[in-house]
Amino acid sequence: MDAVDATMEKLRAQCLSRGASSIQGLARFFRRLDRDRNRSLDAGELQRGLAELGLQLDTAEAEGVCKRWDRDGSGTLDLGEFLRALRAREAVIAAAFAKLDRSGDGVVTVDDLRGLYSGRAHPKVRSGEWTEEDVLRRFLDNFDSSEKDGQVTLDEFQDYYSGVSASVETDEEFVAMVTSAWRL
């Protein structure tokens, strides 16, 4: 992993630790940093802004981040370019959630899981201790908030994966892991 990737991973981990809405908050933050209101940040603006978040970059690192994510060749980093770089993991999480949310109502329930996954082979179902519904409910509870109401929202799913994401170094590894796990 090169220095720019390491910097992006640090920033991403910090965003994820602040919760699912932190990227939107970060966008507002960067708008505040855009002192000339040109909807882009030069390396200096980026460096000062990230320092306020507790992420110290030297000039070369800030310039490297700008250069890596500057897709339009402007020499600056527009907000869309930077946010796209941060959302690689978010997109694959949303795709996994969409696969589970068969009803399309924004909430994953045991009914959504039926037909996608079977609990028949689970040892406790085979022994008669649990029903297949019990297996699906307990599976769903992994992603549910502390309330365990049997309904998992995208925010709850993202919260679950924020912990997982923090332990995976690169976007490529994380995307491959989620893609494989959910057969996307």
Side-chain angles (χ1 to χ4, degrees), residues 1-101 106 108 142-143 145-146 152-184:
M1 179 184 309
D2 68 14
V4 173
D5 288 339
T7 300
M8 292 303 295
E9 291 304 321
K10 287 178 196 171
L11 181 56
R12 184 176 290 110
Q14 192 166 41
C15 290
L16 290 171
S17 73
R18 293 172 183 233
S21 64
S22 66
I23 290 176
Q24 292 162 346
L26 189 59
R28 284 190 299 273
F29 176 75
F30 278 140
R31 281 189 211 101
R32 281 198 328 263
L33 294 179
D34 184 16
R35 294 191 177 136
D36 60 4
R37 303 289 182 236
N38 67 351
R39 298 183 52 89
S40 63
L41 303 175
D42 61 29
E45 288 173 317
L46 180 66
Q47 187 177 16
R48 284 188 297 277
L50 296 182
E52 288 181 30
L53 285 174
L55 184 57
Q56 301 294 325
L57 301 182
D58 63 32
T59 302
E61 289 171 319
E63 289 172 353
V65 169
C66 283
K67 186 177 180 181
R68 170 77 53 89
W69 298 108
D70 176 20
R71 302 290 189 221
D72 64 6
S74 66
T76 61
L77 189 61
D78 72 42
L79 298 176
E81 290 167 335
F82 193 73
L83 293 176
R84 272 191 297 282
L86 289 174
R87 289 189 212 159
R89 295 182 185 210
E90 189 178 290
V92 75
I93 293 167
F97 183 84
K99 179 179 181 179
L100 295 176
D101 183 18
V108 176
N142 289 308
F143 309 102
S145 68
S146 58
V152 175
T153 64
L154 178 57
D155 283 344
E156 289 172 320
F157 200 68
Q158 286 172 327
D159 286 347
Y160 170 84
Y161 270 104
S162 69
V164 174
S165 179
S167 68
V168 179
E169 268 192 49
T170 68
D171 287 345
E172 292 78 18
E173 290 171 319
F174 183 81
V175 168
M177 178 190 72
V178 173
T179 300
S180 174
W182 297 107
R183 295 184 178 119
L184 299 177

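- For the pair Ser162 (side chain) and Asp159 (backbone), a donor-acceptor distance under 3.5 Å is present.
- At distances below 3.5 Å, not a single donor-acceptor pair connects side-chain atoms of Asp78 with backbone N or O atoms of Ser40.
- In this structure, Lys99 contributes its side chain and Leu184 its backbone to no donor-acceptor pair below 3.5 Å.
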Residues Asp155, Thr153; criterion side chain to side chain donor-acceptor pair (under 3.5 Å); working and verdict: CA-CA 5 Å; Asp155 283 344; Thr153 64; 5.2 Å; no
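- Phe143 CZ to Phe97 CZ: the interatomic distance, rounded to the nearest 0.5 Å, is 11.0 Å.
- The shortest non-hydrogen separation linking Asp70 to Asp72 is OD1-OD1, 2.7 Å.
- In this structure, Glu45 CD and Cys66 SG are separated by 9.0 Å, a value rounded to the nearest 0.5 Å.
- In this structure, the side chain of Asp34 engages the main chain of Arg39 through a donor-acceptor pair within 3.5 Å.
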Show the numbers, then the answer: is there a side chain to side chain contact (heavy atoms under 4.5 Å, CB included) between Leu77 and Leu46? CA-CA 9 Å; Leu77 189 61; Leu46 180 66; 4.3 Å; yes
Apply side chain to side chain contact (heavy atoms under 4.5 Å, CB included) to residues Phe174 and Val164 and explain how you reach the verdict. CA-CA 9 Å; Phe174 183 81; Val164 174; 4.2 Å; yes
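- Two residues are said to be in side-chain contact when any heavy atoms from C-beta on lie closer than 4.5 Å; Val92 and Trp182 fail this criterion.
- Closest non-hydrogen pair, Val152 versus Phe157, comes out as CG1-N, 4.1 Å.
- In this structure, the separation between CG on Asp58 and CD on Glu63 is 9.0 Å, given to the nearest 0.5 Å.
- Judged purely by atom type and a 3.5 angstrom limit, Ser180 has no side-chain atom pairing as donor or acceptor with the backbone of Met177.
- The main-chain N or O of Val175 is found under 3.5 Å from a side-chain atom of Thr179 such that the two form a donor-acceptor pair.
- The two residues Arg37 and Arg31 come nearest to each other via the heavy atoms NH1-O, 2.9 Å.
- Between the CG atom of Asn142 and the CD atom of Glu156 there is a distance of 12.5 Å, given to the nearest 0.5 Å.
- Residues Glu61 and Gln56 come closest through the heavy atom pair OE1-O, 4.1 Å.
- Asp101 places no side-chain N or O within donor-acceptor distance of the main-chain N or O of Val108, the cut-off being under 3.5 Å.
- Ala62 and Ala43 get closest at one heavy-atom pair: CB-O, 3.6 Å.
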